[in-house]
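Data block below; observations after.
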Amino acid sequence: GAVVSQHPSRVICKSGTSVKIECRSLDFQATTMFWYRQFPKQSLMLMATSNEGSKATYEQGVEKDKFLINHASLTLSTLTVTSAHPEDSSFYICSARTPGRNSPLHFGNGTRLTVT
Amino acid sequence: AQRVTQPEKLLSVFKGAPVELKCNYSYSGSPELFWYVQYSRQRLQLLLRHISRESIKGFTADLNKGETSFHLKKPFAQEEDSAMYYCALFSGSARQLTFGSGTQLTVLP
């Protein structure tokens, strides 16, 4: 089945530094990928929709200058957390939808970001 | 605005007992509804979707537009069903998936 690979699975960084998270669709082309954030004991919250070849669409309340999204190819989207702060510590998950009407989303394994 | 509500954060049942995970939604259009499951230390994965009307791992879910519900059911729970379950609604117009807050199901031996 369709696989979405997310890397790294876990990262620890110092406050003020930037961290890049990659999301790849391994066996299909994804014109659109989605980035979610999950706080402990809470639901997945959509952060932004990543569109290949164009600017990402951010959800209300998500700082686009802080969470930079690049979708340079049909199989890769990256999320860069810039100038990270401890409150950015969270679980970030990407997903992509396989081509075809009513096709489901497939999720990466997620990235646990800890900002010290 | 679309909304998905899962009223139970935690649900425990004994092995062999029936289980129902509740999901209610609010959406002005024609909804596409899904159930996703996340087993311990694994990625979130699709369990089933309403348009397929399928049964996966013994689970079924029927869309009730009158009650705006999409409850997940299984007649005989198994210990391996213990996981986090998310109900989700896809908006075609907004092209986004809205998740409920999730229900942690624990099946006791």
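In what follows, every chain begins at residue 1, and chains take the letters A, B, ... in the order their sequences are listed.
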- May I ask you to decide if F70(B)'s main-chain N or O and W35(B)'s side chain share a donor-acceptor pair within less than 3.5 Å? yes
- Item | Test: K20(A) and E22(A) ion pair at under 4.0 Å | no
- Pick from R43(B), Q104(B), Q45(B): which one has the most heavy-atom pairs with chain A under 4.5 Å? R43(B)
- Query: How far apart are the closest heavy atoms of L44(B) and Q38(B), and which atoms are they?
  - Reply: CD1-CB, 3.7 Å
- Item | Under 4.5 Å from any heavy atom of chain B - which part of Q6(A) | neither
- Can you tell which part of Q6(B) gets under 4.5 Å to a heavy atom of chain A, answering side chain, backbone, both or neither? neither
- Query: Do NZ/NE/NH1/NH2 and the carboxylate oxygens of E87(A) and K66(A) come within less than 4.0 Å?
  - Reply: no
